[in-house]
Amino acid sequence: SQTIHQWPATLVQPVGSPLSLECTVEGTSNPNLYWYRQAAGRGLQLLFYSVGIGQISSEVPQNLSASRPQDRQFILSSKKLLLSDSGFYLCACLGDEKLFFGSGTQLSVL
Amino acid sequence: GESVGLHLPTLSVQEGDNSIINCAYSNSASDYFIWYKQESGKGPQFIIDIRSNMDKRQGQRVTVLLNKTVKHLSLQIAATQPGDSAVYFCAERAGYALNFGKGTSLLVTP
């Protein structure tokens, strides 16, 4: 079964600074990969998904971007963070019709 | 916007009692549903799933019921334990991804 690695676990960044969150997957090939964001006390909002290298679909207009430079690597980025970018970011991989999630990154933008 | 919602944001039950968490969905074409459990600071974990051609599915101490007539989904947890305390999300398949509801916080009291 697949294993999803996300880092860092927590991150505090000033407004206007750049962001790079990395997600890597083991135990599968050519997976569908996803970035979700979860605001405090809220559900999960889909930000991006990718069905293959270089293929990115964006679900909501926002200050973030995603890239998939390798089959099992998915990166979430921003050039300039906003306060509203704070939240819990989760990477996920589709397997057997289910989403399997990483451990998440708690991002605080101050 | 979200097409999956939950009736109750919080639920408090005594240890040993049965818990029932409810979820409403709006897309009558949804054919696959999943329940996830999320503990504080962690990514959601798969609990149980059900397809639209079924109305009930049982796992270990958990049962999911699907009522397509009223577009309602429920998760039943038998003999609730302190380790069941978490936020529970229902999700419906939507194209390549899953749409999640806001979640129900389950608190198990001794």
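Each chain gets a letter, A, B and so on, in the order the sequences are listed, and its residues count up from 1. All of these numbers come straight from a predicted model, not from anything done at the bench.
Residue A:Tyr34 comes nearest to B:Ala97 through the heavy atom pair CE2-CB, 3.7 Å, listed as atom of the first residue, atom of the second, then distance. Residues B:Phe100 and A:Leu99 approach most closely at CE1-CD1, 4.4 Å, considering heavy atoms. When all heavy atoms of A:Gln38 and B:Phe89 are compared, the closest pair comes out as NE2-CZ, 3.2 Å. For A:Lys98 against B:Tyr32, the heavy-atom pair with the smallest separation is CG-OH, 3.4 Å.
The hydrophobic clustering, which links ILVMFWY residues whose side-chain heavy atoms are closer than 4.5 Å, places A:Val15 and A:Tyr89 together. Criterion: ILVMFWY side-chain heavy atoms under 4.5 Å apart, direct or through other members. Under it, A:Leu19 and A:Leu110 are not part of a common hydrophobic cluster. Criterion: ILVMFWY side-chain heavy atoms under 4.5 Å apart, direct or through other members. Under it, A:Leu83 and A:Leu11 are part of a common hydrophobic cluster. Linking Ile, Leu, Val, Met, Phe, Trp and Tyr residues whenever their side-chain heavy atoms come within less than 4.5 Å places A:Tyr36 and A:Val51 in a single cluster.
Looking at B:Gln38, only its side chain comes within 4.5 Å of chain A, counting heavy atoms on both sides. At a 4.5 Å heavy-atom cutoff, A:Gln6 makes no contact with chain B through either its backbone or its side chain.
Near-neighbour residues of residues 53-69 of chain B relative to chain A, defined by a heavy atom under 4.5 Å from a heavy atom of that chain, are none. Heavy-atom neighbours of chain B within the stretch residues 65-80 of chain A, taken at a separation under 4.5 angstrom, are nonexistent.
Side chains of B:Leu98 and A:Glu97 form no contact here, defined as non-hydrogen atoms less than 4.5 Å apart.
No donor-acceptor pair under 3.5 Å is formed between the side chain of B:Tyr96 and the backbone N or O of A:Ser50.
Other residues, nucleotides and ligands place no more than 12 heavy atoms under 6.0 Å from the CD atom of B:Gln45.
In this structure, A:Leu44 CG and B:Asn99 CG are separated by 10.5 Å, a value rounded to the nearest 0.5 Å.
Remark: aromatic rings of B:Phe46 and A:Phe101 are distant, center separation not under 6.0 Å.
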